[in-house]
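Here's the structure we're looking at; comments come further down.
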Amino acid sequence: MADSLGFEAEIKCSANKYYGYFRNNLPHLAKHFPEIYKSIEVIEGDGPSVGSVRLWKSELDGHFITTKERTVSVNDESKSITWNVLKGSDLMKLHNSFLIKLVSVTPTREGYCLAKWSVNFESDHGDVSFPTALINLLHKTTVELPARLSKQG
């Protein structure tokens, strides 16, 4: 059974800066959110390019999880990125497939943008607790990132 969860949020950050962070500096999330992301390590590729693989160690909904994901598509025009969670990851113990997508980042007004995210997953178990927790985590990261970036320079 395939399902999708998502959200959109207007944030105080330019579209180029917000998208550029996820496009080029994803491993730095561990520096800005140490209470969530324990480490994010590029283990294959250069990081920003399609095909790059990262190993994440994080806390999700009270559980320590390890996730390996690959960048499968990048569209700089629509400011969209798709990551595929790979087999062997904790999320894949409950799901047959798992895609995380920054659907788009669109300027809304001076210094603000609208970020749209989705999580697409397929599961035989009918358990949506991890995808729901992941969406909540993405939302927290989305709305708090600009303030954390300005605090830490």
Residue among V119, I135, V143, V103 satisfying side-chain contact (heavy atoms from CB on, under 4.5 Å) with F7 = I135
Going by the side-chain contact (heavy atoms from CB on, under 4.5 Å) test, name the single residue among L134, L5, L99, I100 that passes it with F121.
-> L5
With the side chain counted from C-beta on, respond yes when [X] and [Y] share a heavy-atom pair under 4.5 Å apart, and no when they do not.
X    : Y    : answer
K79  : Y18  : no
S118 : N120 : yes
T108 : T106 : no
W56  : I65  : no
F33  : I40  : no
V74  : Y19  : yes
E59  : F64  : no

Is there a donor-acceptor pair under 3.5 Å between the side chain of [X] and the backbone N or O of [Y]?
X   : Y   : value
R70 : G51 : yes
S52 : G47 : yes
S14 : K17 : yes

[atom2] on [Y] to [atom1] on [X], rounded to 0.5 Å:
X    : Y    : atom1 : atom2 : answer
I43  : L55  : CD1   : CG    : 5.0 Å
L26  : Y21  : CG    : OH    : 7.5 Å
W117 : L102 : CH2   : CG    : 4.5 Å
H63  : L60  : NE2   : CG    : 8.0 Å
L29  : F22  : CG    : CZ    : 5.5 Å
K116 : S78  : NZ    : OG    : 11.0 Å

Apply side chain to side chain contact (heavy atoms under 4.5 Å, CB included) to the pair R54 and T71, showing each step before the final yes or no.
-> CA-CA 9 Å; R54 278 159 297 280; T71 304; 2.4 Å; yes
Yes or no on side chain to side chain contact (heavy atoms under 4.5 Å, CB included) for L86 and V53, after CA distance, side-chain angles and deciding distance?
-> CA-CA 9 Å; L86 302 175; V53 176; 4.0 Å; yes
Please check if atom NZ in K12 has more than 12 non-hydrogen atoms from other residues, nucleotides or ligands closer than 6.0 Å.
->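 No.
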Does NZ belonging to K38 count more than 12 external heavy atoms closer than 6.0 Å?
-> yes
Locate the shortest heavy-atom distance separating [X] from [Y]; write the atom from each residue and the value.
X    : Y   : answer
T142 : I11 : O-CG2, 3.5 Å
P27  : V42 : CG-CG2, 3.9 Å
P48  : R23 : O-NH1, 2.8 Å

Given the rule that I, L, V, M, F, W and Y join up when any side-chain heavy atoms are under 4.5 Å apart, are V105 and V72 in one cluster?
-> no
